[in-house]
Undergrad: 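Dropping the structure in here first, questions after.
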Amino acid sequence: MKSYITIDEILNRKHFAQTDVIAGAKGLHRQLKWVHIVESVQISNLLNGHELILTTGLGFKDDPQHFVSFLRQLIERHAAGLCIEMGTHIHTIPDAVTKLADHHHFPIILFHQEVPFVEITQDVHSLIINKQYQLLSDLEKYSQQLNKMLLEIEDCQQIMKFLQAYLEVQVIAVLSGNKADFFPEPKADEKEAMLLKIGNRDEYNKSNIASQPVQILGETYAELLIVAGCRELNEFDLLILDRTANAFAQHMLRDLYVKEKKMAEESEWLTNWLEGEYTDEVIKEQLSFIDPKLRLNGGTVCICKLSPDSGGQATNVDSTYFKLLFRTVFEQFGFHLFTVEVRHHLIFIVGNKRNKQDWKERMDGAISRIHSGNGSERIRSSSISIGVGKFADKLGSIHLSYQTAKETLALQDSLSKEGKSYFYQDLHMYRMMSLLKKHGDLEETIQEYLAPVIEYDRKYNGDMLITLKTYLACSGSKQETSKKLFIVRQTLYHRIEKLELLLGENFMNSDRRLALEFMLMAHDFIMNTEGTIPLQHKIE
């Protein structure tokens with residue numbers, strides 16, 4: 001089905017009955033989008049491409065070089081063709097003009113008598129506009145047929161077949177892992193040549209190749225391409241491709257949603273896995289049963305909790321939808337997810353499919369993508385708390401990662417801004433402080449070290465605690481400390497003297513300094529735990 005007007009079509013209109021094509025006959029299949037009447041020689045800035053130019057030759061009647069220059073501008077601006085009224089201002093066509101037109105397959109059409117350019121313009125424009133209305137109707141009909149088909153089809157190959165039959169082009173779907181599906185299936189050598197052309201499409205003519213990403217929850221899950229063998233692709237082709245890519249995404253989303261639901265129903269063995277009831281061999285056997293091609297190189301556990309919104313109301317996010325979003329993003333970063341929902345917490349067993357060395361960087365990238373909200377407007381307003389356990393080299397040790405993930409999630413609300421992390425391995429001192437708070441008297445120990453400074457600030461509304469924290473963070477650099485506190489050096493000297501009186505002259509000695517730094521972190525930890533404004537907020 002041809003979805004555009006061509007030069008050879010309008011040659012059958014009544015005003016073109018007495019015409020000759022004297023050059024560029026091989027280009028009569030060119031697409032025609034509009035008609036312009038032009039008498040000026042300098043026209044390159046007036047054209048957008050695919051225009052049919054009508055002229056009497058007034059601008060170049062006495063100068064063959066101007067005629068050639070005029071023709072070059074038309075070719076460079078991708079005009080559709082040139083119609084010249086002979087006898088009024090021009091009587092012969094120079095050989096240089098016909099040779100140039102033939103070389104570029106650019107049609108030159110001659111009227112041998114005076115013709116009404118205005119009527120030609122109106123006639124062709126009406127033809128083009130009617131064609132556009134027909135295309136819109138065809139596009140809507142195609143979309144309706146595609147949507148109806150989505151209710152019945154079993155796989156994406158049927159969508160590719162429908163697109164191929166409609167546009168009569170080669171259809172290719174490049175899925176995750178660069179696996180390419182073709183319809184129709186070409187010969188091996190043709191397939192290899194086509195993949196090479198697609199992979200290096202910047203080096204080839206793009207006019208007969210078009211692609212559209214298949215996006216699911218904001219992530220590109222596949223790429224749908226069409227390749228036309230002997231014609232240029234046009235806007236209608238691109239609109240059809242766009243509608244088909246959307247249908248492709250809907251079908252894939254439906255499949256993923258069904259699989260996610262099924263996995264949720266079959267989560268009992270995952271719960272046992274998290275509890276450490278299976279050996280490494282049993283887990284590998286079970287995974288092989290689920291997907292024989294799945295190869296995991298260790299893994300970790302990630303626990304996710306959706307916090308209430310700003311109004312204190314519980315977030316109303318479809319957990320299946322959210323699990324699907326998580327899976328979609330994490331797979332882009334080389335992970336395979338197994339999901340369990342326990343008491344309003346989503347627990348993800350995150351299997352690593354790539355190198356172990358960069359698992360943390362990849363997971364951090366995936367979590368950042370989730371937090372950016374690109375995947376879904378439905379969760380953008382939600383506050384998501386996440387805790388990631390330590391990495392387990394063996395799948396049978398996932399239960400240890402689960403325990404540390406729970407501890408990490410529990411610590412999230414207690415972390416200072418500087419110490420904020422989703423990862424158990426980054427918490428260091430905070431894990432120790434949590435233990436001390438549970439099993440010892442952490443507050444009393446903090447008072448033992450920091451009481452003089454805290455009491456001084458309380459009594460005189462001072463900034464000694466902030467000064468101490470900044471001075472230690474700057475490793476005792478007075479210049480850097482005064483700059484961060486926005487005070488002059490003399491004021492800082494006075495405060496340091498006061499700290500020496502409160503804490504002792506040796507408070508910057510290595511052992512003493514280490515203890516003070518730990519107590520300052522513990523102070524922030526206690527403040528956050530009890531809901532009080534932490535020190536770093538005061539500094540800012």
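What you see below is based on every heavy atom in this structure, not just the backbone, and it leaves out hydrogens, waters and symmetry mates. Quantities reported herein were computed from a predicted structural model and do not represent experimental measurements.
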Undergrad: For the residue pair Ile43 and Val38, what are the closest heavy atoms and their distance?
TA: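 The answer is CG2-CG1, 3.2 Å.
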Undergrad: Is the number of heavy atoms from other residues, nucleotides or ligands under 6.0 Å of Asp189 CG greater than 12?
TA: yes
Undergrad: Does any N or O in the side chain of Ser421 come within less than 3.5 Å of the main-chain N or O of Phe423, such that one atom is a donor and the other an acceptor?
TA: yes
Undergrad: Is a side-chain N or O of Ser401 found less than 3.5 angstrom from the main chain of Val301, in a donor-acceptor match?
TA: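 Yes; judged by distance alone, with no hydrogens or angles, the pair exists.
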Undergrad: Nearest 0.5 angstrom please: Leu82 CG to Ile108 CD1, how far?
TA: 5.5 Å
Undergrad: Take Asp138 and Gln134 through the side-chain hydrogen bond (donor to acceptor under 3.5 Å, both in side chains) test and state the conclusion after the steps.
TA: CA-CA 6 Å; Asp138 290 345; Gln134 182 61 46; 2.9 Å; yes
Undergrad: Taking atom NZ as the centre, does Lys191 end up with more than 12 heavy-atom neighbours from other residues, nucleotides or ligands that are less than 6.0 angstrom away?
TA: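 Counting other residues, nucleotides and ligands, NZ of Lys191 exceeds 12 neighbours.
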Undergrad: Centre of Phe391's six-membered ring, under 6.0 Å away, within 45 degrees of the axis: is that where NZ or CZ of Lys356 sits?
TA: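 No, Lys356 does not lie over the aromatic ring of Phe391.
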Undergrad: Measure up the Trp269 and Trp273 rings against each other and bin them: parallel (under 30°), tilted (30 to 60°), perpendicular (over 60°).
TA: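 Aromatic pair Trp269/Trp273 classed parallel.
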Undergrad: Can you tell me how far apart CG (Asp20) and CE (Met86) are? Round to the nearest 0.5 Å.
TA: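 Reported to 0.5 Å precision, the distance equals 10.0 Å.
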Undergrad: If you count heavy atoms of other groups shown closer than 6.0 angstrom to CD of Glu114, is the number above 12?
TA: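 Incorrect, the count does not exceed 12.
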Undergrad: Just how far is it from atom CD1 of Ile109 to atom CD1 of Ile10, taken to the nearest 0.5 Å?
TA: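 One finds 5.5 Å between CD1 of Ile109 and CD1 of Ile10.
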Undergrad: Does Gln18 have more than 12 heavy atoms from other residues, nucleotides or ligands lying within 6.0 Å of its CD?
TA: no
Undergrad: Taking Val41's backbone N and O only, do any of them form a donor-acceptor pair with Gln73's side chain (distance below 3.5 Å, no angle check)?
TA: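 A pair under 3.5 Å: yes.
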Undergrad: What is the minimum heavy-atom distance between Glu190 and Pro186, and which atoms define it?
TA: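 That would be OE1-CB, 3.7 Å.
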Undergrad: Above 12 or not: heavy atoms from other molecules or residues under 6.0 Å from NE2 of His112?
TA: yes
Undergrad: Quick one, Ile386 and Cys302 - any side-chain contact, counting heavy atoms below 4.5 Å?
TA: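 Yes, close enough: below the 4.5 Å cut-off.
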Undergrad: Evaluate the side-chain proximity of Leu58 to Thr88: yes if any heavy-atom separation is below 4.5 Å, no if none is.
TA: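 Contact flag for Thr88/Leu58 side chains = no.
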Undergrad: Could you go step by step and tell me if Thr56 and Ile90 meet the side-chain contact (heavy atoms from CB on, under 4.5 Å) rule?
TA: CA-CA 7 Å; Thr56 63; Ile90 190 167; over 6 Å; no
Undergrad: Check Pro64 against Pro94 and note the closest heavy-atom contact, atom names and distance.
TA: CB-CG, 4.1 Å
Undergrad: What pair of heavy atoms forms the shortest contact from Cys304 to Phe348, and how long is it?
TA: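 Of all heavy-atom pairs spanning Cys304 and Phe348, the closest is CB-CE1, 4.0 Å.
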Undergrad: Under the ring pair (Phe, Tyr, Trp, His ring centres under 6.0 Å) test, which residues partner Phe183, sequence neighbours left out?
TA: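 So Phe183 forms no ring pair (Phe, Tyr, Trp, His ring centres under 6.0 Å) with any residue.
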Undergrad: Does this structure show an ion pair linking Glu331 with Lys353, if we count only N-O contacts that are shorter than 4.0 Å?
TA: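 No salt bridge links Glu331 with Lys353.
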Undergrad: Indicate, with yes or no, if the rings of Trp34 and His50 have centres closer together than 6.0 Å.
TA: no
Undergrad: Of all the heavy-atom pairs spanning Leu71 and Val97, show the shortest one and how long it is.
TA: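 Minimum heavy-atom contact is CD2-O, 3.4 Å.
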Undergrad: Walk me through whether Arg354 and Phe335 qualify under side-chain contact (heavy atoms from CB on, under 4.5 Å).
TA: CA-CA 8 Å; Arg354 298 182 190 168; Phe335 298 103; over 6 Å; no
Undergrad: Can you tell if the side chain of His36 reaches within under 4.5 Å of the side chain of Leu54, non-hydrogen atoms only?
TA: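 When only atoms from C-beta onward are counted, Leu54 and His36 do not touch, as no gap falls below 4.5 Å.
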Undergrad: Measuring from atom OG1 of Thr55 to atom CD1 of Ile37, what distance do you get when rounded to the nearest 0.5 angstrom?
TA: 9.5 Å
Undergrad: Compare all side-chain heavy atoms of Arg30 with those of Thr6 and state whether any distance is below 4.5 angstrom.
TA: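 SC-SC contact between Arg30 and Thr6 ruled out.
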Undergrad: Using atom types as modelled and distance alone, determine if a side-chain donor or acceptor of Ser143 lies under 3.5 Å from a backbone N or O of Leu139.
TA: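 A pair under 3.5 Å: yes.
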Undergrad: Considering residues, nucleotides and ligands other than Glu185, do more than 12 of their heavy atoms fall under 6.0 Å from its CD?
TA: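 Yes, because the 6.0 Å sphere around CD of Glu185 holds more than 12 heavy atoms from other groups.
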Undergrad: Any sub-3.5 Å donor-acceptor pair from His336's side-chain atoms to Leu296's backbone N or O?
TA: no
Undergrad: Please confirm whether the backbone N or O of Ala79 pairs with a side-chain atom of Glu51, one donor and one acceptor, at under 3.5 Å?
TA: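 Not confirmed, Glu51 side chain does not pair with Ala79 backbone.
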Undergrad: Rounded to the nearest 0.5 Å, how far apart are OG of Ser126 and CD of Gln122?
TA: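 Reported value, rounded in 0.5 Å steps: 7.0 Å.
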Undergrad: Quick check: do Ile159 and Leu150 have side-chain heavy atoms less than 4.5 Å from each other?
TA: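 Ile159 vs Leu150: side chains touch.
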Undergrad: Are the side chains of Glu223 and Pro213 in contact, using a 4.5 Å heavy-atom criterion?
TA: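 No; the side chains remain at least 4.5 Å from each other.
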Undergrad: Got a donor-acceptor contact below 3.5 angstrom from the Arg77 side chain to the Leu47 backbone?
TA: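 Checked: pair present.
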Undergrad: Keeping the roles fixed (side chain from Asn234, backbone from Asp237), state whether a donor-acceptor pair exists under 3.5 Å.
TA: yes
Undergrad: Taking the six-membered ring where the residue is Trp, are the ring centres of Tyr221 and Phe248 under 6.0 Å apart?
TA: no
Undergrad: Within the supplied structure, the quantity of interest is the number of heavy atoms (other residues, nucleotides, ligands) at a distance under 6.0 Å from His66 NE2; does it exceed 12?
TA: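 Atom NE2 in His66 is not crowded, with 12 or fewer foreign heavy atoms closer than 6.0 Å.
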Undergrad: Do Asn352 side-chain atoms and Gly299 backbone N/O form a donor-acceptor pair below 3.5 Å?
TA: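 Checked: no pair found.
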Undergrad: If the threshold is 4.0 Å, N to carboxylate O, is there a salt bridge linking Glu235 and Lys33?
TA: yes
Undergrad: Could you tell me whether the side chains of Tyr142 and Thr244 share a donor-acceptor contact shorter than 3.5 Å?
TA: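 Their side chains do contain a donor-acceptor pair, which is all the 3.5 Å distance test asks for.
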Undergrad: What's the verdict on side-chain contact (heavy atoms from CB on, under 4.5 Å) for Phe117 and Ile120, showing C-alpha distance, side-chain angles and the deciding distance?
TA: CA-CA 5 Å; Phe117 279 179; Ile120 292 174; 4.2 Å; yes
Undergrad: Taking the side chain as everything from C-beta on, heavy atoms only, tell me whether Thr300 gets closer than 4.5 Å to Met363.
TA: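 A side-chain contact exists here, since the closest heavy-atom pair is under 4.5 Å.
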Undergrad: Evaluate the side-chain contact (heavy atoms from CB on, under 4.5 Å) criterion for residues Ile349 and Leu337: first the C-alpha distance (whole Å), next the side-chain angles of each, then the deciding distance (0.1 Å), finally the verdict.
TA: CA-CA 6 Å; Ile349 299 175; Leu337 265 63; over 6 Å; no
Undergrad: Nearest 0.5 Å please: distance from the CZ atom of Arg72 over to the NE2 atom of His104.
TA: 6.5 Å
Undergrad: Please indicate whether Glu192 has more than 12 foreign heavy atoms, meaning atoms of other residues, nucleotides or ligands, lying under 6.0 Å from its CD.
TA: no
Undergrad: Would you call Phe182 and Met194 a side-chain contact if the rule is heavy atoms closer than 4.5 Å?
TA: yes
Undergrad: Can you check whether Lys360's main-chain N or O pairs, donor with acceptor, with Asp364's side chain at less than 3.5 Å?
TA: no
Undergrad: How far apart are the closest heavy atoms of Pro184 and Gln164, and which atoms are they?
TA: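 Heavy-atom minimum between the residues: CD-CG, 3.6 Å.
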